[in-house]
Amino acid sequence: MNRENNRNLDPGHMPHPGGKGDNLIEELSEKGMLLFVGSVNCLRHKPYRRIGSLMREGRAAVLCPSMSDFSSGRYLNQIVNALAELSQERGTKQFVIACGCQWVILSTDGELLKERVKQEHDIDLTIFEDAHLEFGDHE
């Protein structure tokens with residue numbers, strides 16, 4: 001596809017409609033505000049194609065830690081800080097994290113993170129660890 005055609009894509013356009021990941025973002029956002037954590041490159045995968053519309057509605061946010069943040073573990077504090085800030089700004093205590101493959105590759109302990117944000121900020125967190133690995137275009 002050339003650049004001119006790419007610019008004219010509808011933000012909700014799915015190149016292969018009907019796949020399992022088509023409505024993933026909407027399904028996750030119904031459980032709470034969505035925070036995507038991963039490389040900005042992950043946003044090209046099918047389940048994340050509609051995240052822009054949710055961001056415009058105030059129902060989603062993106063946190064893209066650097067590779068050094070991932071490798072040093074700083075991304076965990078960045079997540080906690082982002083959740084606390086979003087919770088204050090948006091007045092919500094229900095969040096869903098959808099993550100890029102870095103989360104999975106690093107074997108991030110989602111249960112420990114959930115406990116931490118619950119204790120420190122009284123935030124209920126749901127973690128969807130394999131969004132594009134399971135439902136995306138890595139098939």
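Throughout, numbering of the chain's residues begins at 1 and tracks the sequence.
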Separation of [Y] [atom2] from [X] [atom1] (nearest 0.5 Å):
X: Cys64; Y: Tyr75; atom1: SG; atom2: OH; value: 14.5 Å
X: Arg116; Y: Asp109; atom1: CZ; atom2: CG; value: 12.0 Å
X: Lys93; Y: Leu86; atom1: NZ; atom2: CG; value: 12.0 Å

Working for side-chain contact (heavy atoms from CB on, under 4.5 Å), residues His121 and Asn81: CA-CA 10 Å; His121 303 286; Asn81 294 338; 5.7 Å; no
Indicate yes or no: at least one non-hydrogen side-chain atom of [X] is less than 4.5 angstrom from one of [Y].
X: Leu125; Y: Glu115; value: no
X: Thr126; Y: Phe95; value: no
X: Leu112; Y: Leu76; value: no
X: Gln94; Y: Met33; value: no

For [X] and [Y], which heavy atoms make the closest approach, and how far apart are they?
X: Ala82; Y: Leu63; result: CB-CD2, 4.3 Å
X: Ala60; Y: Met55; result: O-CG, 3.5 Å
X: Val96; Y: Gly32; result: CG2-N, 4.1 Å
X: Asp69; Y: Ser72; result: O-OG, 3.4 Å
X: Thr92; Y: Ser87; result: O-OG, 2.6 Å

Polar contact flag, side-chain donor to acceptor under 3.5 angstrom, Arg74-Ser66: no
side-chain hydrogen bond (donor to acceptor under 3.5 Å, both in side chains) partners of Glu57, counting only residues at least two apart: Arg59
CA sep, side-chain torsions, deciding dist, call: Lys118, Asp124, salt bridge (Lys or Arg N to Asp or Glu O under 4.0 Å): CA-CA 6 Å; Lys118 183 65 174 174; Asp124 292 317; 2.9 Å; yes
